[in-house]
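Notes follow once the structure below has been shown.
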Amino acid sequence: MDSLNSLIDGFGTALTPMNLLWAAVGVLLGTAIGVLPGIGPAMAVALLLPVTYGLEPTGAFIMFAGIYYGAMFGGSTTSILLNTPGESAAVVAAIEGNPMAKSGRGAQALAAAAGGHFAGGMIGTTLLVLLAPAVAALAVDIGAPDYFAIMVLAFIAVTSVLGSSRIRGLASLLIGLTVGLVGLDQMTGQQRLTFGSLQLADGIDVVIVAVGLFAIGEALWVAAHLRRTSGEAIPVGRPWLGKDDLRRTWRPWLRGPLIGFPFGAIPAGGADMTTFLSYVTEKRLSKHKDEFGKGAIEGVAGPESAATASAAGTLVSMLTLGLPTTAIAAVMLAAFQQYGIQPGPLLFERESELVWGLIASLFIGLALLLALNLPLAPVWAKLLRIPRPYLYAGILFFAAVGAYAVGGEALDLVILLIIGLIGFGMRRYGLPVLPAVIGVILGPAAEQQLRRALQISDGSVTGLVNTPFSVTVYAVIVLLLAWPGVRKLIARGRGRGRGDGNGDGGNEGDGGGDRDGDRREVTA
């Protein structure tokens, strides 16, 4: 009941004219950003961070949340119509959505995606309302060793799940941790990696790091592979679903959040992984397995529902623990820090108006998104005709202006370019960007919690594992690290078993061939 009363108060905050305006701006920007390939919600929020310095925190976060949910909606449009995912979570939508569009069922595919996003968002946000206060209440009792263990779990999880290899994920994390070390040591006051520059004594602003890695790095990468021709989207009418389509989509819409929400709340790949899990689940449970790969509507409805529900799950861990599990959550955490607000277990007490206004705005944003996306899908498709040189030139301009606005120092632009080149190099060699961003944000906090835990235990390493919670977390970390090796051993064991069986079969086959040869000789 307390959560329900707080949510009602939150609607009172979210329904003010200015906050409604920011919600509408957020969902419009988010949908447009989701439609345009290569511009994810993390880049959009990173670009807007400097612009929102003068805004009231509640309005700014309502807009950011609208961008987050809106990008999920918009990403499926370009996947279905152009076979080019506008957002990483929309990759799976192209598998079944684009064949549907090519066969003349693009309207139904867009409607299934929009319905999935609405259902997944509503269920996920409802679970956020119910679970977030409980998680925050439990997190109040978490001490320094427990927080350090959680942060180590985040580091290990993002380096293990994301990217093509663990080594690349670890390299990306080390880049982020190194950037996070720049500045004054919080406990001793000594300078670290400042190269004698007083301007670096305060460290490198997270906003500059986020804008550099996402916006500048992506723009340079696209420029290196630039094609001036843009694909033509498949024309589509007004999205709608018939009775047969509704019969096939309502179950995937409800199953998606069961997969998306829990995986969004843990650092395990975010919406990208949940969409694939949902797709595999729908394929196994479907009565129309022969349609998969050719345009099965369940393969659009389930993954899209899971994607938006995972966004709600991401907000649970970000608001209650201060733990970002996706790139946009990491950038939003930087936005909280920009306003001097620290997400964590006490956030619901200290900033209750902001938090509940933000959560209430998610429900409002979902209704706005459904009203916008169903009739305006053909309009969003026309955004794909913007030439990429103009698009990314604008991104570079706003990124530079935003970075300069952070501190008003020319050095910030130099740092922005250097970090942008690092982001370009990371894309060139297949290093995921998220571990670097999480390393920059959580690295200093992890160092602080580690030092506190060691001070409490008088320097004894056992002070890091002196609580049941920390022991449990480290056990999970060991399982994460050991599982790939165990899986390989199991696969080898199965392979040897099959190899023995195949060898016997081969001998029998040879015998059969000899007998056939004897028969031919007798016949001759």
Side-chain angles (χ1 to χ4, degrees), residues 135-136 138-160 169-198 200-210 267 317-325 329-330 333-334 336-347 350 434-478 480-481:
V135 174
L138 291 173
V140 172
D141 298 326
I142 293 177
D146 304 323
Y147 265 116
F148 179 70
I150 290 173
M151 290 174 184
V152 172
L153 174 61
F155 294 151
I156 297 297
V158 294
T159 54
S160 299
L170 183 61
S172 174
L173 177 66
L174 289 176
I175 290 171
L177 292 174
T178 303
V179 174
L181 285 174
V182 176
L184 296 178
D185 188 322
Q186 293 181 1
M187 293 194 173
T188 65
Q190 293 181 341
Q191 292 190 12
R192 300 187 297 191
L193 301 178
T194 59
F195 306 102
S197 172
L198 291 176
L200 289 176
D202 289 334
I204 300 175
D205 197 288
V206 178
V207 174
I208 295 176
V209 176
S317 52
M318 198 263 290
L319 294 173
T320 59
L321 299 173
L323 181 68
T325 60
L333 185 59
F336 273 103
Q337 293 175 353
Q338 167 184 303
Y339 284 103
I341 301 169
Q342 183 58 48
L346 298 177
L347 182 67
R350 294 175 178 172
L434 176 59
V437 178
I438 287 184
V440 172
I441 293 174
L442 290 187
E447 180 190 10
Q448 195 173 11
Q449 298 295 346
L450 172 64
R451 287 182 168 186
R452 284 178 181 172
L454 291 175
Q455 283 178 344
I456 293 170
S457 62
D458 292 328
S460 175
V461 180
T462 56
L464 300 176
V465 288
N466 59 359
T467 63
F469 185 87
S470 61
V471 171
T472 304
V473 173
Y474 285 121
V476 173
I477 292 171
V478 170
L480 272 175
L481 293 173

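Computed from heavy atoms alone, side chains included, the values below leave out hydrogens, waters and symmetry copies.
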Kindly give the heavy-atom pair with the smallest separation between [X] and [Y], and that separation in Å.
| X | Y | answer |
| --- | --- | --- |
| Pro343 | Leu333 | CG-CD1, 3.2 Å |
| Ala446 | Phe148 | O-CD1, 3.4 Å |
| Ser470 | Val465 | OG-CA, 3.6 Å |
| Gly169 | Pro435 | O-CB, 3.7 Å |
| Leu464 | Pro145 | O-CB, 3.9 Å |
| Leu173 | Gly439 | CD1-CA, 4.0 Å |

Any donor-acceptor N/O pair, Ser460 side chain to Ser457 backbone, under 3.5 Å: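 Checked: no pair found.
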Trace of the side-chain contact (heavy atoms from CB on, under 4.5 Å) decision for Glu447 with Leu181: CA-CA 10 Å; Glu447 180 190 10; Leu181 285 174; 4.3 Å; yes
With sequence neighbours left out, the residues meeting side-chain contact (heavy atoms from CB on, under 4.5 Å) with Gln455 are Met187
Do Phe336 and Leu319 have side chains that approach each other closer than 4.5 Å (heavy atoms only, starting at C-beta)?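 Phe336 vs Leu319: side chains touch.
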For Arg192, I'd like to know if atom CZ has over 12 heavy atoms of other residues, nucleotides or ligands within 6.0 Å. yes
Separation of Thr467 OG1 from Asp146 CG (nearest 0.5 Å):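 Between atom CG of Asp146 and atom OG1 of Thr467 there are 3.5 Å.
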